[in-house]
**Student:** 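Sharing a structure, written as structure tokens. Questions coming.
These figures come from a predicted structure and were not determined experimentally. Each residue takes its place number in the sequence, starting with 1.
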Amino acid sequence: MYIVLGSNNLFFMLHKIYNYFGMDGLLHIICSIIIVRFSDLFLPLWTAALIAAVIGVSKEIIWDKLLKKGTFDKKDMIADAIGIAIGCL
């Protein structure tokens with residue numbers, strides 16, 4: 001079964017994702033993808049995914065929550081998880 005998305009549907013989906021996560025969330029997704037794909041060059045995929053998860057969670061908890069250098073946001077951790085999943089594909 002093939003699902004064909006017209007350009008309007010694809011744009012609408014991307015617009016909804018952007019409205020939910022914002023630019024910061026998109027950066028979390030992109031960075032997580034890059035971390036997984038780069039780490040996967042040298043390590044097994046599960047290790048690369050684990051490294052990306054540790055970096056994402058550490059950034060939110062240590063940098064944002066404990067050091068108060070940013071804003072702790074659960075959406076950022078969701079965005080990290082999405083980026084890790086995409087990076088594992």
**Student:** Are Ile17 and Ile86 connected in a single hydrophobic cluster, I mean Ile/Leu/Val/Met/Phe/Trp/Tyr linked by side-chain heavy atoms less than 4.5 Å apart?
**Tutor:**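 They do share one cluster, since a chain of ILVMFWY contacts under 4.5 Å joins Ile86 to Ile17.
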
**Student:** Quick one: pull up OG1 in Thr47 and CZ in Phe42 and give me the separation to the nearest 0.5 Å.
**Tutor:**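 It comes to 14.0 Å.
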
**Student:** Indicate the atoms forming the closest heavy-atom contact of Glu60 with Thr71, along with that distance.
**Tutor:**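 Looking at all heavy atoms of both residues, the closest pair is OE1-O, 3.9 Å.
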
**Student:** When rounded to the nearest 0.5 angstrom, what distance separates CD1 in Ile62 from CG in Leu67?
**Tutor:**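 Separation between the atoms: 7.5 Å.
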
**Student:** What about Leu41 and Ile55, same hydrophobic cluster or not, with Ile/Leu/Val/Met/Phe/Trp/Tyr joined at side-chain heavy-atom distances under 4.5 Å?
**Tutor:**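 Leu41 clusters together with Ile55.
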
**Student:** Flag the pair Asp64 and Lys59 as a salt bridge only when some basic side-chain nitrogen lies within less than 4.0 angstrom of an acidic carboxylate oxygen.
**Tutor:**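 Lys59 and Asp64: salt-bridged.
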
**Student:** Check which hydrophobic residues are tied to Ile84 through side-chain heavy-atom contacts below 4.5 Å, counting indirect links as well, and list them.
**Tutor:**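 Members alongside Ile84: Val36, Leu45.
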
**Student:** With rounding to the nearest 0.5 Å, note down the distance linking CD1 in Ile35 to CD1 in Ile30.
**Tutor:**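 Going from the CD1 atom of Ile35 to the CD1 atom of Ile30 covers 12.0 Å.
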
**Student:** Taking only distance into account, with no hydrogens and no angle test, what donor-acceptor pairs under 3.5 Å do side-chain atoms of residues 21-29 form with protein atoms, sequence neighbours excluded?
**Tutor:**
unit_1 : atom_1 : unit_2 : atom_2 : d
His28  : ND1    : Asp80  : OD1    : 2.9
His28  : NE2    : Asp76  : OD2    : 3.4

**Student:** Which is it for Met77 and Phe72 under the side chain to side chain contact (heavy atoms under 4.5 Å, CB included) test, yes or no, and what are the steps along the way?
**Tutor:** CA-CA 9 Å; Met77 291 201 288; Phe72 177 81; 3.8 Å; yes

**Student:** Which atom pair, heavy atoms only, marks the closest approach of Pro44 to Asp40?
**Tutor:**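 In this case the closest contact between Pro44 and Asp40 is C-OD1, 4.1 Å.
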
**Student:** From Leu89 CG over to Ile33 CD1, what is the distance, rounded to the nearest 0.5 angstrom?
**Tutor:**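 Leu89 CG to Ile33 CD1: 9.0 Å, rounded to 0.5 Å.
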
